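Reading through the structure tokens given below for one structure.
Predicted, not measured: the structure shown is a model, and the values here were computed from it.
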Amino acid sequence: MAMRIAIPKEVVSGERRVAATPDTVKKLIKMGFDVSVETGAGTLANYPDESYESAGASVEPDAASLWNSSDLVCKIHPPQLRSDGSHELDSLKDGATIISLLFPEQNPELVEHLQRGSKTAIALDKIPRITRAQKMDVLSSMANIAGYRAVLEAAHLYGGFFGGQITAAGKTRPAQVLVIGAGVAGLAAIGTARGLGAEVRAFDVRPATKEQVESMGARFLMLDVPMDESGESSGGYANIMSDEFLQAELACFAEQAKEVDIIVTTALIPGRPAPELILQEMVDSMKPGSVIVDLAAEQGGNCTATVPGEVVMSSGVHIVGYTDLTSRLPTHASQFFGTNVVNLLSDMGGAEDFKVDFEDEVLRKSTIVREGELTWPPPPDPEKPAAAEPAKAAVPAPEAPAPKKSSGHGHGPSGEPMAVGPRNLIALTLAVVLAIIGFTAESAPVPHFVQQVTVFLLACFIGWQVVWSVTPALHTPLMSVTNAISGIIVVGGLLGVAGPELNTAAILGAVAILVASINIAGGFLVTQRMLQMFRKEGN
């Protein structure tokens with residue numbers, strides 16, 4: 001019998017998301033699972049029951065029997081009391097596994113409840129932030145949505161344009177936005193605000209985020225204090241900073257509050273209340289009509305005036321304390337959440353080889369209870385031994401430098417003969433030719449023959465030097481220049497062959513026309529081929 005997955009309807013009031021969508025249900029079925037969805041579980045996320053049935057899932061009306069008959073339950077919020085007074089965990093049969101957000105630090109009673117019987121619980125909020133686990137990182141997926149939605153909420157309450165406007169009725173400046181915390185949510189907020197045309201500045205205690213902020217077109221705020229301490233923990237989150245740093249930080253925010261129109265705060269430290277960064281006096285100093293969106297409201301808030309779950313007004317400033325920002329975009333939030341769960345179950349072996357493997361770092365750190373045994377917190381990571389300094393390989397003695405090339409035969413410092421380079425050989429040949437022409441100039445049939453030949457040879461020499469010195473990658477752009485020069489050569493050749501007699505000038509003119517014509521034709525041919533590389537198919 002195939003392993004059965006239950007997707008219950010969330011019992012938290014106002015929650016619109018669901019832990020699986022019809023698309024992710026298809027993937028679960030392909031992995032060998034039987035999927036059952038509670039009636040109405042995805043309705044608020046625009047996924048009706050019929051769409052789940054079309055995807056191959058069964059729809060069950062009774063939540064308790066759905067839990068009790070399933071081997072694996074996937075949901076969003078931690079298990080809690082239903083409206084009838086029963087607890088969701090009481091319906092989970094022994095030997096079954098639950099995968100959801102659990103927040104064990106904040107829910108010790110839930111952790112104790114999970115240890116009754118032989119249940120297994122995996123906390124999605126404890127997925128480590130490592131490269132391999134990014135595809136399962138629910139917190140990052142939801143933070144991305146929250147940062148985006150935060151700016152939309154601010155735009156709704158802000159009484160002006162985000163982007164500057166120039167109209168016949170006058171012009172307006174762009175909105176000034178401050179984003180505190182440049183994690184996933186902060187970067188999403190920066191990108192959204194910039195997309196709407198606002199001027200954005202951002203701050204984070206992690207210096208590594210400076211390049212990310214600036215790459216998105218925002219200005220990174222720096223403090224006038226030495227950054228001797230690292231603002232980033234081993235898990236990628238922010239650390240608690242020193243008192244000196246915190247004072248400088250608050251002073252910076254106090255100055256920024258007087259200038260900006262919108263503040264988005266995202267600062268959180270796992271397992272601790274949200275740090276208070278926007279004090280009441282800062283709120284009082286903001287311009288009337290300004291907006292503060294506090295993404296840390298669920299953990300107490302970064303603003304002292306925040307009321308979790310509500311929008312309040314203080315000194316003419318809107319303070320948004322919504323704790324359901326991700327639920328306000330339920331369709332895509334559910335899709336992201338369900339995809340993260342699918343990726344986790346795939347790594348756990350699918351239906352045929354499903355197991356909680358503690359050799360896997362991701363599962364070891366995210367498993368709270370395994371078969372009734374408490375396994376959280378996980379043991380600390382072993383300290384990596386200091387990398388031993390590699391043994392220095394024997395360095396061969398440097399070879400003697402090659403003798404420098406000279407224009408004539410001679411001897412270098414070591415007494416070895418010097419080689420003659422190609423450029424110098426050409427120069428030497430030209431010098432000999434010019435000397436011969438000079439000695440025989442009196443018998444030349446053309447009065448200005450010496451002058452013309454001298455110009456010709458110098459032009460050849462200079463042209464050779466110019467092309468020789470250019471890297472081959474630039475030879476193609478030089479074609480336009482060489483075609484222009486070839487055109488001048490053709491004109492000169494035509495003048496040479498225009499005389500009534502067949503003489504040396506006429507012969508050289510004919511040769512010049514032939515060679516220059518070949519060069520021009522080749523230049524056009526190569527250019528045509530290059531243009532064809534950039535043409536769209538079908539044109």
Checklist entry - Between H113 and H87, how do the two ring planes meet: parallel, tilted or perpendicular, split at 30° and 60°? => result tilted
Checklist entry - Which word best sums up how the rings of F336 and H332 line up, parallel for under 30°, tilted for 30 to 60°, or perpendicular for over 60°? => result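 Rings of F336 and H332: parallel, under 30°.
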Please determine if [X] and [Y] form a salt bridge, counting it only when a charged side-chain N lies under 4.0 Å from a carboxylate O.
{"X": "E38", "Y": "R82", "answer": "no"}
{"X": "E361", "Y": "R132", "answer": "no"}
{"X": "D360", "Y": "K355", "answer": "no"}
{"X": "D94", "Y": "R116", "answer": "no"}
{"X": "K9", "Y": "E60", "answer": "no"}
{"X": "R201", "Y": "E199", "answer": "no"}

Next on the checklist: Looking at F161, I'd like to know if its CZ atom is crowded, meaning that more than 12 non-hydrogen atoms belonging to other residues, nucleotides or ligands lie closer than 6.0 Å.
Outcome noted: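 No, not enclosed.
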Checklist entry - Take atom OH in Y148; do more than 12 heavy atoms of anything else shown fall under 6.0 Å from it? => result no
Just verifying a value: how many Å separate [X] [atom1] and [Y] [atom2], rounded to the nearest 0.5 Å?
{"X": "E255", "Y": "L250", "atom1": "CD", "atom2": "CG", "result": "12.5 Å"}
{"X": "Q335", "Y": "R17", "atom1": "CD", "atom2": "CZ", "result": "14.0 Å"}
{"X": "L268", "Y": "N302", "atom1": "CG", "atom2": "CG", "result": "6.5 Å"}
{"X": "E298", "Y": "T306", "atom1": "CD", "atom2": "OG1", "result": "13.0 Å"}
{"X": "R149", "Y": "T192", "atom1": "CZ", "atom2": "OG1", "result": "11.5 Å"}
{"X": "T367", "Y": "E373", "atom1": "OG1", "atom2": "CD", "result": "11.5 Å"}

Under 3.5 Å, is there a donor-acceptor pair linking the side chains of [X] and [Y]?
{"X": "T339", "Y": "T24", "value": "no"}
{"X": "Q165", "Y": "T172", "value": "no"}
{"X": "D62", "Y": "S65", "value": "yes"}
{"X": "Q247", "Y": "D243", "value": "no"}
{"X": "D23", "Y": "T21", "value": "no"}

[X] side-chain N/O to [Y] backbone N/O, donor-acceptor pair under 3.5 Å:
{"X": "N68", "Y": "A64", "value": "no"}
{"X": "R364", "Y": "T375", "value": "yes"}
{"X": "R370", "Y": "L374", "value": "no"}
{"X": "T209", "Y": "D204", "value": "no"}

Checklist entry - Do L345 and F354 have side chains that get closer than 4.5 Å, going by heavy atoms? => result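 Result yes, sub-4.5 Å side-chain heavy-atom pair found.
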Next on the checklist: Which residue in the set Q256, M286, Q176 passes side chain to side chain contact (heavy atoms under 4.5 Å, CB included) when paired with I263?
Outcome noted: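 Of the listed residues Q256, M286, Q176, the side chain to side chain contact (heavy atoms under 4.5 Å, CB included) partner of I263 is M286.
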